[in-house]
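Down below is the structure, laid out as structure tokens.
By convention here, the first residue in the shown sequence is residue 1. Because only heavy atoms are used, hydrogens play no part in the values below, and waters and symmetry mates are left out as well, while side chains stay in.
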Amino acid sequence: MSKNALITGITGQDGSYLADLLLDKGYNVYGLVRRLSTPNTSRIDHIIDSVEMLEGDLTDQSSLNEAMHTAQPDEVYNLAAQSFVGTSWNQPVHTGDVTGLGVIRVLEATRHIAPDAHLYQASSSEMFGKVQDTPQTEQTKFHPRSPYGVAKVYGYWACVNYRESYDMHISNGILFNHESPRRGIEFVTKKITNEAARIYHGLSSELRLGNLDAMRDWGFAGDYVDAMWRMLQHDTPDDYVVSTGETHSVREFVELTFSSLGLDWEKYVVIDPKFVRPAEVQLLLGDATKARDVLGWEPNVRFEELVSMMVEADVERLKHK
Ligand code: NAP
Ligand code: GDD
């Protein structure tokens, strides 16, 4: 019989790739969507008739309980969050409510209504923040550097605590940055490829950025949702770093993007203090040995391929503007 999966955050980048993956595997997919004045389903329009949408919000316990009752999930993927680090300084209370406390609400709904479900929590390399070791592993101490990172640390420990308190099958994926053509426009990779494609087509003349020296371990979202699924298939729940093991600066991402379009990035990029953060995560580099050894997971897409995939998608999308 087909398994049921409930995905919170199905309209986001990862939710859309995960829904693709689970439908391919024959799951019945339920997706939690919040009420917006204009529906926001562009990332899942291609599968909209194959998933069952349930209205709900991570700030509203009753809607989560209701979704859990309807979906009767075998697997729960908690991907919903206020996920943009920059916004978390402007909306720290909202970020704490959704990204931190929201995890407890999902855990409570699962504990009472689907206690045998396997649960995945979207934890983050932002928890390492001001990194204490390089590369970062499951043993590296957390030192978050933003209200978002702080909220994710709360969610992480809430999951560990529910696993230990109630013997539930709960796993934290400590995922490093992962990108794709479906990435939200405010994240730096998509901002760069989108604006470079606009410049290429003569639609724009500059790209305003903050700290070009930040280093990130960037992977492909399509690879990373497979790691989420593998965690929930394993007999025992656990916590795993998911990363490529390569790190690159924002400057390198810019250079590669512009050079692939035959453009000199220095003519277009303007440093704007507005995009510099109050506290920065300077370097992220993950060691995913445990995910490889225990789950058999490996990333397929590397940095250069990721950049060209995103550039090509934006150039094509903007061709007729
Ligand atoms: P995303 O594109 O920003 O998607 C976030 C999702 O959460 C969207 O579907 C959004 O709905 C939903 N959401 C926001 N607030 C909500 C609320 N109050 N109630 C219900 N749903 C709400 O993020 P993503 O890149 O797919 O990331 C997925 C998860 O992984 C997030 O938890 C993120 O923090 C975490 N993570 C991401 C990365 C990464 O590099 N991508 C790395 C580590 C961890 P709307 O569409 O209505 O806004
Ligand atoms: N967004 C943005 N915009 N970032 C910029 C800019 C800019 O104009 N200029 C420089 N940066 C730098 C940021 O300061 C940061 O060091 C880096 O680019 C990456 O920023 P984002 O793409 O916004 O991602 P993030 O690393 O802060 O957070 C993402 O990855 C986390 C995992 O480590 C998000 O997806 C989080 O949800 C995720 O948890």
Side-chain angles (χ1 to χ4, degrees), residues 14 76-79 81 83 85 88 95-96 99-100 102-104 106-107 118-179 214-221 223-249 277 279-300 302-303:
D14 290 7
V76 177
Y77 295 87
N78 184 36
L79 309 185
S83 74
V85 173
S88 75
T95 303
T99 307
V103 180
I104 285 278
V106 172
L107 289 169
H118 291 193
L119 188 145
Y120 173 85
Q121 165 58 18
S123 287
S124 165
S125 52
E126 271 292 302
M127 300 188 303
F128 297 127
K130 190 174 176 189
V131 298
Q132 307 290 302
D133 304 315
T134 297
Q136 295 86 51
T137 71
E138 294 79 6
Q139 265 66 55
T140 302
K141 272 201 203 149
F142 300 145
H143 185 137
R145 294 272 278 173
S146 62
Y148 168 84
V150 171
K152 282 289 180 188
V153 171
Y154 177 85
Y156 171 94
W157 283 114
C159 288
V160 173
N161 177 252
Y162 271 56
R163 185 166 73 210
E164 293 174 354
S165 303
Y166 304 115
D167 200 23
M168 291 167 71
H169 194 298
I170 299 169
S171 297
N172 281 290
I174 308 175
L175 270 53
F176 283 61
N177 298 51
H178 46 279
E179 319 293 315
M215 311 275 296
R216 289 292 182 276
D217 181 330
W218 278 296
F220 171 51
D223 287 343
Y224 285 34
V225 296
D226 175 51
M228 298 176 187
W229 176 78
R230 285 173 188 252
M231 284 176 218
L232 299 204
Q233 311 317 304
H234 202 262
D235 289 343
T236 40
D238 208 340
D239 307 319
Y240 297 91
V241 160
V242 176
S243 63
T244 68
E246 270 183 52
T247 190
H248 297 273
S249 65
R277 295 173 176 177
E280 178 63 289
V281 173
Q282 205 54 49
L283 165 73
L284 291 176
L285 173 62
D287 176 350
T289 303
K290 181 175 169 185
R292 191 187 59 224
D293 291 352
V294 180
L295 304 174
W297 177 84
E298 271 192 82
N300 292 313
R302 293 288 168 181
F303 182 68

Restricting to non-hydrogen atoms, name the atom on [X] and the atom on [Y] that form the minimum distance, rounded to 0.1 Å.
X: Ile174; Y: Ser125; result: CG2-N, 4.0 Å
X: Ala151; Y: Thr95; result: CB-O, 4.0 Å
X: Leu285; Y: Thr134; result: CD2-CG2, 4.0 Å
X: Val160; Y: Asn172; result: CG2-ND2, 3.9 Å
X: Leu175; Y: Met228; result: CD2-CE, 3.8 Å
X: Val281; Y: Leu284; result: CG1-CG, 3.7 Å

Looking at [Y], is its backbone amide N or carbonyl O close enough to the side chain of [X] to form a donor-acceptor pair, meaning the two atoms are under 3.5 Å apart?
X: Gln132; Y: Lys130; value: yes
X: Arg163; Y: Ile170; value: yes
X: Ser171; Y: Asp238; value: yes
X: His118; Y: His234; value: no

When you look at CG of Asp167, are more than 12 heavy atoms from neighbouring residues, nucleotides or ligands closer to it than 6.0 Å?
no
Any donor-acceptor N or O pair under 3.5 Å, side chains Asp239, Tyr156:
yes
Donor-acceptor side-chain pairing of Thr244 and Asp217 below 3.5 angstrom:
yes
Residues Glu298 and Arg230 bridged, charged N to O under 4.0 Å
no
Verify side-chain contact (heavy atoms from CB on, under 4.5 Å) between Trp229 and Trp297, making sure each step is shown before the conclusion.
CA-CA 10 Å; Trp229 176 78; Trp297 177 84; over 6 Å; no
If we only count heavy atoms from C-beta on, is the [X] to [Y] side-chain gap below 4.5 Å?
X: Thr140; Y: Val131; result: no
X: Lys290; Y: Glu138; result: yes
X: Tyr224; Y: Asn177; result: no

Residue among Glu179, Glu246, Glu280 satisfying salt bridge (charged side-chain N to carboxylate O under 4.0 Å, His left out) with Arg216
Glu280
